Amino acid sequence: MKVQLPSGDWLELPDGATYADAAEAIGPGLARAALAGRRNGELVDLSAALEDGQPISIVTAKDPEALALIRHDAAHVLATAALELYPGTQVTIGPPIEDGFYYDFDFPDGVKVTDGDFERLEQQVREHIRAQERFERTDVPAGEALERFREQGQDYKVELIEDLVSDRGVETVSLYRNGPFLDLCRGPHAPDTGRIKAFKLLSVAGAYWRGDERRPMLTRIYGTAFFSKGDLDEHLERLEQARARDHRRLGRELELFRFSEVSPGAAFWLPRGTVVFNRLLELTRDKWREYGYEEVKTPQLYDAELWRTSGHWDKYREHMFVTEAEDRSMGLKPMNCPGHAHLYASGRHSYRDLPVRYAEPGLLHRNEPSGTLHGLMRVRHFCQDDAHIFCSEDQIEDEVIACLDMGLDIYEIFGMEARIELSTRPEQRIGTDAMWDRAEAALRGALEHRGVSYELNVGDGAFYGPKIDLHMVDSLGRSWQVGTVQLDYSMPERFELEYTGADNSEHRPVMIHRALLGSLERFIGILIEHYAGELPLWLAPVQALVLPIADRHESYAERVAERLAEAGLRAEADGRTESVGRKIRDGELRKVPYMLVVGDSEQQGGEVAVRRHGEGNLGSRPLEDFARALADEARPRKR
RNA sequence: GCCCGCCUAGCUCAACUGGCAGAGCACUUCACUUGUAAUGAAGAGGUUCUCGGUUCGAAUCCGAGGGCGGGCUCCA
């Protein structure tokens with residue numbers, strides 16, 4: 001039989017040959033390096049049989065998918081070790097993930113595995129790796145596999161097989177054996193455990209079986225594997241560097257904000273952080289003006305009646321802070337939409353006035369579960385760059401395009417890109433199919449018009465309408481939603497919103513909820529990590545620090561700072577009686593963009609010696625000159 | 001909310017098996033008057049997260065609560 005190699009050459013092999021045989025035939029070096037085969041783009045075991053006339057390739061460590069392969073191998077070896085150290089453990093699933101793998105275990109009663117047990121586990125794993133145990137695949141009838149796992153008391157595996165049979169009509173399943181461990185697994189695997197060259201366990205966490213909070217809580221052990229110790233070390237080094245960018249750490253070090261037990265999930269903004277916050281808000285307001293929004297201000301606290309009307313009392317109450325006042329139930333707003341809808345409803349509107357765009361940097365409170373709070377990224381109190389657009393149905397697409405434009409404008413200022421998702425109609429929904437068709441088409445049309453790529457999230461829309469979500473990742477690769485553009489047909493219904501059409505009869509507007517930064521808190525968290533704390537000049541809490549060399553230069557330093565302040569810049573003089581080296585060090589650690597050293601020669605010549613953060617000494621230049629240049633550089637961003 | 005871990009000075013962290021709570025940085029004062037990443041000395045700073053228990057004795061052991069961290073679930 002013949003198979004075709006990636007080079008286009010044909011390779012002649014005896015019938016019944018495997019990928020391993022093909023690798024051997026090509027050369028002994030490749031045979032040693034071979035980890036798996038590739039058939040029609042899919043990885044297969046080296047022991048898989050070749051088919052006549054097929055194009056094939058041999059996968060080695062250089063293949064982009066090879067790491068996932070050995071990480072999956074590593075997960076099996078971890079399960080092997082766990083079963084040996086903790087007999088009676090039930091194994092569940094153990095897939096490779098970005099940067100590593102995990103395995104979920106249900107340990108026997110009384111066994112609690114923590115990261116203190118990692119050393120023992122790792123040692124056990126290493127022994128199996130050293131032994132170079134072969135991964136052997138066998139395909140068996142589902143019934144036989146069921147029997148086997150039932151006997152072993154592996155209930156989760158039994159459930160998995162039962163579901164494979166009932167949901168997918170599977171008749172045979174594949175099992176993989178490595179050393180003493182036999183696991184239900186789709187494969188493929190490397191030929192033996194010795195291919196895992198570097199291995200490390202990273203963390204332990206709880207995880208619900210099948211992600212369902214009503215099912216048992218399992219113990220998830222995270223780890224990673226590489227083809228060399230060097231690669232592993234490099235990865236650990238990257239993790240360490242990512243931790244140094246953590247906004248919680250930088251927020252404390254740069255004195256931007258703090259948290260306190262007296263108000264969990266709510267940031268206390270220090271003066272420097274407040275500068276950043278306000279600068280971002282100014283940017284938002286500029287954009288609102290540019291895109292034709294009108295800013296409004298609505299109350300924090302509303303009678304329960306409003307929340308009943310909006311549906312929050314039924315659907316969102318557990319996330320609301322509720323209080324009593326003079327025998328009335330009141331709720332702090334978790335969203336601005338009911339207030340804006342109420343405001344719209346309280347006046348008359350002509351079709352000539354549409355779209356009405358109400359914007360508000362709304363202060364919201366949401367009673368998020370304690371376990372979900374996370375620095376600035378997930379808080380209970382935050383400020384949303386929120387707006388609601390009331391428009392006719394034929395205005396939807398243009399409005400959504402404008403929202404996307406505005407969002408992409410803003411992200412571009414920071415050189416950041418959002419991952420965009422379109423979420424379509426869920427099972428539980430209101431409105432007719434025709435309405436959903438139009439709404440989804442409008443959102444898709446807007447995305448395509450703007451020419452952005454997006455992922456389709458089928459069935460994940462809100463019950464009242466489809467939505468576009470914009471996500472960004474933090475320093476550790478965690479994805480957070482920032483912006484959202486949502487169509488809402490429900491709220492206008494509930495609040496009986498109307499506008500008078502050209503036909504002089506009343507029509508129902510559509511409501512578009514949209515936020516682009518999402519929450520200023522979260523966005524600032526992402527910005528801090530994006531810039532590793534080195535905020536661009538226009539956002540920096542202190543833009544220039546003036547450093548007098550000796551006491552006699554202090555009044556000149558003050559004058560320099562004042563001159564910069566006159567130019568609209570944020571400047572401070574460091575009048576401490578410390579060495580210049582010390583002041584520079586402190587300024588560098590504070591990540592202040594510019595430091596201006598002033599001594600005798602600067603004072604006499606009306607100059608400043610400019611030092612740029614991260615670049616060093618740029619030499620002296622006239623103060624006037626520098627002030628003008630800096631004011632220009634600090635003038636907002638692009639556009 | 002659930003699982004695991006952690007909580008000592010403003011920050012980073014010490015304190016052998018239960019036996020007088022410490023250091024560096026920051027802060028205050030004094031001296032030094034400084035030219036591009038830490039001048040020196042002295043001083044002050046503690047409910048060891050909270051409450052309860054065990055013990056002659058608890059930062060340390062046990063229980064409950066709070067907060068934080070890593071995940072899971074949730075997240076209009």
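Keep in mind it's a predicted model, so treat the numbers as computed, not measured. Below, read A as the first sequence line, B as the second, and so on, with proteins coming before strands; counting in each chain starts at 1.
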Can you check the [X] [atom1] to [N] [atom2] distance for me, whole Å?
{"X": "Leu121(A)", "N": "C4(B)", "atom1": "CG", "atom2": "P", "answer": "17 Å"}
{"X": "Phe118(A)", "N": "G70(B)", "atom1": "CZ", "atom2": "C1'", "answer": "10 Å"}
{"X": "Asp586(A)", "N": "C25(B)", "atom1": "CG", "atom2": "C1'", "answer": "11 Å"}
{"X": "Asp212(A)", "N": "C72(B)", "atom1": "CG", "atom2": "C1'", "answer": "11 Å"}
{"X": "Trp480(A)", "N": "G71(B)", "atom1": "CH2", "atom2": "C1'", "answer": "12 Å"}
{"X": "Ile549(A)", "N": "U36(B)", "atom1": "CD1", "atom2": "C1'", "answer": "9 Å"}
{"X": "Leu596(A)", "N": "U36(B)", "atom1": "CG", "atom2": "P", "answer": "16 Å"}
{"X": "Arg366(A)", "N": "A76(B)", "atom1": "CZ", "atom2": "C1'", "answer": "8 Å"}

Taking the six-membered ring for Trp and the single ring otherwise, decide whether the centroids of [X] and [Y] are under 6.0 Å apart.
{"X": "Phe390(A)", "Y": "Tyr358(A)", "value": "yes"}
{"X": "Tyr316(A)", "Y": "His319(A)", "value": "yes"}
{"X": "Tyr464(A)", "Y": "His513(A)", "value": "yes"}
{"X": "Tyr103(A)", "Y": "Phe101(A)", "value": "no"}

5' precedence on RNA chain B between Ser620(A) and Val113(A) (nearest-nucleotide basis): Val113(A)

Closest-nucleotide 5' rank along RNA chain B - winner of His513(A) and Leu218(A): Leu218(A)

When both hydrogen-bonding distances must be under 3.5 Å and the geometry is Watson-Crick or G-U wobble, what is [N] paired with, if anything?
{"N": "C32(B)", "answer": "none"}
{"N": "A59(B)", "answer": "none"}
{"N": "C68(B)", "answer": "G5(B)"}
{"N": "A23(B)", "answer": "U12(B)"}
{"N": "U54(B)", "answer": "none"}

Pairs: protein N or O with nucleotides 7-17 of chain B N or O, under 3.5 Å:
residue : atom : partner   : partner atom : Å
U12(B)  : OP1  : Arg252(A) : NH2          : 3.2

Modelled atom types, side-chain donor and acceptor of Gln123(A) and Glu119(A), under 3.5 Å: no

His247(A) and Glu529(A): side chain donor to acceptor below 3.5 Å: yes

Electrostatic pair Arg238(A):Glu240(A) at N-O distance under 4.0 angstrom: no

Of the nucleotides [options], which one has an atom closest to the side chain of [X]?
{"X": "Tyr208(A)", "options": "U73(B), G35(B), U39(B)", "value": "U73(B)"}
{"X": "Gln486(A)", "options": "A76(B), G35(B), C74(B)", "value": "A76(B)"}
{"X": "His312(A)", "options": "C68(B), A76(B), C72(B)", "value": "A76(B)"}
{"X": "Arg552(A)", "options": "C72(B), U34(B), U36(B)", "value": "U34(B)"}
{"X": "Asp551(A)", "options": "G35(B), U33(B), G71(B)", "value": "U33(B)"}
{"X": "Asp600(A)", "options": "G35(B), A37(B), U73(B)", "value": "G35(B)"}
{"X": "Arg478(A)", "options": "C68(B), U36(B), G71(B)", "value": "G71(B)"}
{"X": "Thr372(A)", "options": "C2(B), U34(B), U73(B)", "value": "U73(B)"}
{"X": "Glu213(A)", "options": "G70(B), C32(B), U73(B)", "value": "U73(B)"}
{"X": "Glu578(A)", "options": "A37(B), U39(B), U73(B)", "value": "U39(B)"}

Within the 4.0 Å heavy-atom criterion, would you say [X] contacts the bases, only the backbone, or no part of the nucleic acid?
{"X": "Gly211(A)", "value": "sugar-phosphate"}
{"X": "Tyr464(A)", "value": "base"}
{"X": "Met491(A)", "value": "nothing"}
{"X": "Arg220(A)", "value": "sugar-phosphate"}
{"X": "Lys467(A)", "value": "sugar-phosphate"}
{"X": "Gly371(A)", "value": "base"}
{"X": "Val580(A)", "value": "sugar-phosphate"}
{"X": "Thr219(A)", "value": "nothing"}
{"X": "Glu602(A)", "value": "base"}
{"X": "Ala550(A)", "value": "base"}
{"X": "Phe463(A)", "value": "base"}

Exam field: side chain Arg272(A) to backbone Glu255(A), donor-acceptor pair closer than 3.5 Å: no

Verify the contact: side-chain N or O of [X] to OP1 or OP2 of [N], cut-off strictly under 4.0 Å; return yes or no.
{"X": "Arg576(A)", "N": "A38(B)", "answer": "no"}
{"X": "His613(A)", "N": "A37(B)", "answer": "no"}
{"X": "Thr114(A)", "N": "G5(B)", "answer": "no"}

Taking the six-membered ring of [Y], is NZ or CZ of [X] closer than 6.0 Å to its centre and within 45° of its axis?
{"X": "Arg611(A)", "Y": "Tyr594(A)", "answer": "no"}
{"X": "Lys315(A)", "Y": "Phe463(A)", "answer": "yes"}
{"X": "Arg220(A)", "Y": "Tyr102(A)", "answer": "yes"}

Using the [atom1] atoms only, state how far [M] lies from [N], rounded to an integer number of Å.
{"N": "U73(B)", "M": "G57(B)", "atom1": "C1'", "result": "45 Å"}
{"N": "U17(B)", "M": "U29(B)", "atom1": "C1'", "result": "43 Å"}
{"N": "A38(B)", "M": "G53(B)", "atom1": "C1'", "result": "48 Å"}
{"N": "U36(B)", "M": "A41(B)", "atom1": "C1'", "result": "26 Å"}
{"N": "G46(B)", "M": "C11(B)", "atom1": "C1'", "result": "15 Å"}
{"N": "C49(B)", "M": "C68(B)", "atom1": "P", "result": "16 Å"}
{"N": "C16(B)", "M": "A59(B)", "atom1": "C1'", "result": "15 Å"}
{"N": "G65(B)", "M": "G5(B)", "atom1": "P", "result": "15 Å"}

Under-3.5 Å donor-acceptor pair between Arg378(A) side chain and C74(B) base: yes

Side chain to side chain, Val356(A) and His388(A), heavy atoms closer than 4.5 Å: no

